[in-house]
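Written below as structure tokens is the structure these notes are about.
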Amino acid sequence: MKISEVKIKGFRNFKNESIKFKNHSLIMEENDIGKSNLIYALRILLDRSLSEVDVEPLDSDFYVHDEVYDLSIQIKFDDIAEDCIKTKFKGSISEKSELYLAYYATKDKDTGEITYYFAKGKDEENLAKTENRFDSRYYLKTLRMEYLRSSRNLENFIKKEKKNLLISKKSKRTDEESALDLLNIKKAKDGLETTNTNINNLSYVKNAMLEINNDLENLSSHHKDKTVHFSAISESIDEIQNNLELISKVNNKSIAIGGDGKNNQIFISLWSNKYIEESESPLNVILYCVEEPEAHLHPHQQRQLSKFLLDTLKGQLIMSTHSPQIAAEFNPDSIIRLYNKANTTYCADNGCSQEIGNTIDSFGYRMSIIPAEAFFSRVVLLVEGPSEEIFYKAISYELGIEMDKYGISIINVDGVGFAEYINMLKNLNIKCVFRTDNDIFQIPYNPDKFRCAGVQRIIGLYKKYYEKVDNIEHILLNESKLSGFKSRELSDEVKSLIDSLKIEFEKIGIYISDIDLENDIYNSGIEEYLKEYYKDTDKSLIINKMQQRKAINLYGFMKKYQGKLSMIKDSDIVKPLYKCIEMSKDNA
């Protein structure tokens with residue numbers, strides 16, 4: 001069985017949201033959007049580590065941005081085949097093998113008194129029936145979620161669970177293994193006695209013991225017939241087993257395990273093993289929720305850890321992460337992306353979605369060149385190539401624009417193939433701004449005629465992916481004038497039409513250059529530096545040089561004049577960055 005859908009209404013920063021889950025689900029978001037609140041909603045109904053006092057609702061649990069007096073958390077389970085669940089929830093499972101559990105709380109408008117109850121049913125209608133209400137989570141021995149929080153006490157947990165692991169493995173020995181262990185224990189005891197004897201025969205150990213025993217006898221007569229000895233190793237096998245330490249072995253030398261990354265891996269291994277055997281029991285069903293397992297691990301080990309959890313844990317696994325490496329291990333249709341709008345948390349495409357999966361799958365090879373942090377961004381700036389990417393990253397630094405602060409990523413689409421990127425970002429509800437060149441191309445098979453290819457490009461993307469804007473629709477009544485002219489030199493009428501479109505498109509984050517990146521940079525107010533760098537005064541020659549080995553040339557220029565380019569701040573070329581900031585603030 002698995003959770004297939006969660007509905008949250010009036011709870012913390014969720015106003016009214018329905019979220020779909022799969023057997024493996026990955027929750028992604030920026031910080032402080034609502035991931036922890038979504039997970040806590042699940043824990044209220046399923047986590048036995050929360051006491052009955054913990055699940056009592058507080059004022060702060062009610063939706064904070066409106067006057068709300070009711071909250072509810074509803075979980076739908078499907079594919080129920082386990083006999084223990086059918087027995088525990090007899091009469092509450094539908095013919096479709098579905099079960100609903102819910103948590104309801106109400107705050108009195110006059111007194112502020114809060115009451116709450118749980119409910120079960122075979123459908124949403126049955127949840128509302130009084131006879132299906134109950135006061136406590138009586139089912140947690142049979143159905144529960146094990147939760148691994150992001151902040152973990154590594155040392156204490158490892159110390160406790162390594163002991164439990166040894167006890168578990170000891171109980172599963174064969175008769176042959178038990179007999180062999182008895183022989184090894186006898187050898188170990190003999191070895192311990194020999195080791196302690198040899199240590200106590202060392203001259204300085206002997207003399208130290210003699211001095212201590214003389215002092216004890218002088219202090220009290222009852223010490224006369226009792227002597228103390230140094231013990232290098234405990235002679236109790238049980239005590240030694242309880243104090244076994246995990247160490248690394250390198251070239252037959254023992255090294256203490258001290259790194260948090262290694263400890264985190266050991267922690268998760270022990271945590272997983274703790275539940276593997278129990279999850280195979282016919283008496284209960286365990287679901288798993290792991291928050292940010294990537295702590296202290298480098299990217300390769302983050303991916304490997306994700307694979308380990310997906311392969312090891314047999315029940316439904318819900319994981320949250322800020323790691324692109326972990327995200328890459330999940331199927332695209334298993335992504336739950338949360339985002340914020342007007343202080344309320346929403347879920348892109350209502351959670352795990354085939355549409356999101358198809359959108360991301362359609363990228364094919366492009367997935368390898370997408371900066372994965374874009375999936376965690378508030379706004380993405382799409383540009384044509386590496387030159388634009390270099391320029392906008394460098395100029396944002398030059399102007400003191402903190403991209404990370406505003407959650408802005410820059411993606412170079414390696415050409416003019418913006419469509420798949422825009423489609424993916426919109427499906428994930430990630431805002432995007434894009435900028436393209438104002439290309440003028442010959443019409444195929446009609447070399448005497450030209451068209452405004454750049455403007456037509458953005459019009460096509462607007463029509464496919466953006467909501468209609470009245471002003472733009474009105475201007476586009478004259479769209480036919482953008483094609484079929486006889487020269488690359490545009491008429492005043494066409495220029496006026498393009499200028500009108502520019503104004504309106506920029507309002508929704510669509511930008512087109514006056515000509516191309518190099519011309520726009522030259523016209524941005526830094527031409528004197530360009531003349532100096534390229535050792536030329538002729539504009540066309542300078543631009544021609546800029547267009548040779550574009551990215552390398554631009555990088556060299558931006559590096560040499562770092563700290564001197566602030567005069568560019570008011571030019572049109574910087575507008576896409578300012579729009580990203582504006583959209584980011586609107587999304588905050």
Side-chain angles (χ1 to χ4, degrees), residues 1 48-49 81-88 139-148 152-200 229 231-257 262-288 290 293 304-305 307-317:
M1 67 180 292
R48 65 180 180 178
S49 73
E82 295 83 356
D83 289 336
C84 60
I85 300 297
K86 291 178 179 179
T87 301
K88 180 63 71 173
Y139 49 81
L140 288 180
K141 285 187 177 180
T142 306
L143 172 63
R144 72 180 194 269
M145 181 177 77
E146 289 297 337
Y147 167 64
L148 182 57
R152 304 187 262 278
N153 190 327
L154 300 177
E155 290 185 8
N156 286 352
F157 184 88
I158 289 171
K159 185 176 181 180
K160 175 185 173 185
E161 290 308 321
K162 71 185 179 188
K163 180 180 177 181
N164 290 337
L165 181 62
L166 290 171
I167 292 170
S168 171
K169 298 306 177 187
K170 187 176 180 181
S171 69
K172 294 183 176 178
R173 293 178 298 174
T174 64
D175 291 341
E176 185 180 346
E177 287 173 330
S178 296
L180 185 59
D181 285 346
L182 286 174
L183 291 174
N184 285 325
I185 286 172
K186 171 93 169 48
K187 290 179 183 177
K189 282 183 176 179
D190 292 344
L192 293 175
E193 290 172 2
T194 301
T195 299
N196 278 326
T197 299
N198 290 336
I199 292 293
N200 282 300
H229 298 268
S231 178
I233 305 172
S234 171
E235 294 181 9
S236 164
I237 290 293
D238 289 337
E239 187 177 334
I240 288 175
Q241 287 180 160
N242 288 339
N243 291 313
L244 286 176
E245 291 186 10
L246 290 164
I247 59 171
S248 287
K249 206 80 168 172
V250 180
N251 296 327
N252 291 321
K253 293 182 179 180
S254 299
I255 301 174
I257 298 172
K262 189 65 171 278
N263 279 340
N264 186 45
Q265 290 173 312
I266 294 169
F267 181 106
I268 289 177
S269 171
L270 291 170
W271 183 85
S272 302
N273 275 283
K274 179 179 179 180
Y275 300 112
I276 287 172
E277 293 164 15
E278 193 177 350
S279 67
E280 295 170 353
S281 165
L283 302 178
N284 57 42
V285 171
I286 304 175
L287 314 175
Y288 303 94
V290 180
Q304 193 60 33
L305 180 62
K307 290 177 185 175
F308 170 80
L309 289 170
L310 290 168
D311 293 341
T312 303
L313 297 174
K314 303 306 179 186
Q316 183 175 21
L317 172 62

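These figures come from a predicted structure and were not determined experimentally. FYI, side chains are in, hydrogens and waters are out, and symmetry mates aren't considered; it's all heavy atoms of this structure.
- With sequence neighbours excluded, the residues that form a side-chain hydrogen bond (donor to acceptor under 3.5 Å, both in side chains) with Lys186 are Asp190.
- Residues passing the side-chain hydrogen bond (donor to acceptor under 3.5 Å, both in side chains) test with Thr142: none are found, sequence neighbours excluded.
- At a threshold of 4.5 Å between non-hydrogen side-chain atoms, the residues Leu309 and Pro293 count as touching.
- Looking only at distances, no side-chain donor or acceptor of Glu146 sits under 3.5 Å from a matching main-chain atom of Leu287.
- Each of Met145, Glu82, Gln316, Arg144 was evaluated against Val285; a single residue qualifies, Glu82, per the side chain to side chain contact (heavy atoms under 4.5 Å, CB included) test.
- To the nearest 0.5 Å, atoms CD1 (Ile185) and CG (Leu180) are separated by 10.0 Å.
- Residues Leu143 and Met1 meet the side-chain proximity criterion, which asks for heavy atoms closer than 4.5 Å.
- Distance check, rounded to the nearest 0.5 Å: CD1 of Ile85 to OH of Tyr139 gives 10.5 Å.
- When every heavy atom of Phe308 is checked against every heavy atom of Thr312, the shortest pair comes out as O-OG1, 2.6 Å.
- More than 12 heavy atoms of other residues, nucleotides or ligands shown are found within 6.0 angstrom of CG on Asn184.
- In this structure, CG on Asn284 lies 11.5 Å from CG on Leu140, to the nearest 0.5 angstrom.
- For the pair Thr174/Glu177, a side-chain contact is recorded, criterion being any heavy-atom separation below 4.5 Å from C-beta on.
- With values rounded to the nearest 0.5 angstrom, Leu313 atom CG is found 5.5 Å from Tyr288 atom OH.
- Every side-chain hydrogen bond (donor to acceptor under 3.5 Å, both in side chains) that Asp181 has, sequence neighbours left out, goes to Arg173.
- Here the CG-NZ distance, from Leu283 to Lys88, works out to 10.5 Å after rounding to the nearest 0.5 Å.
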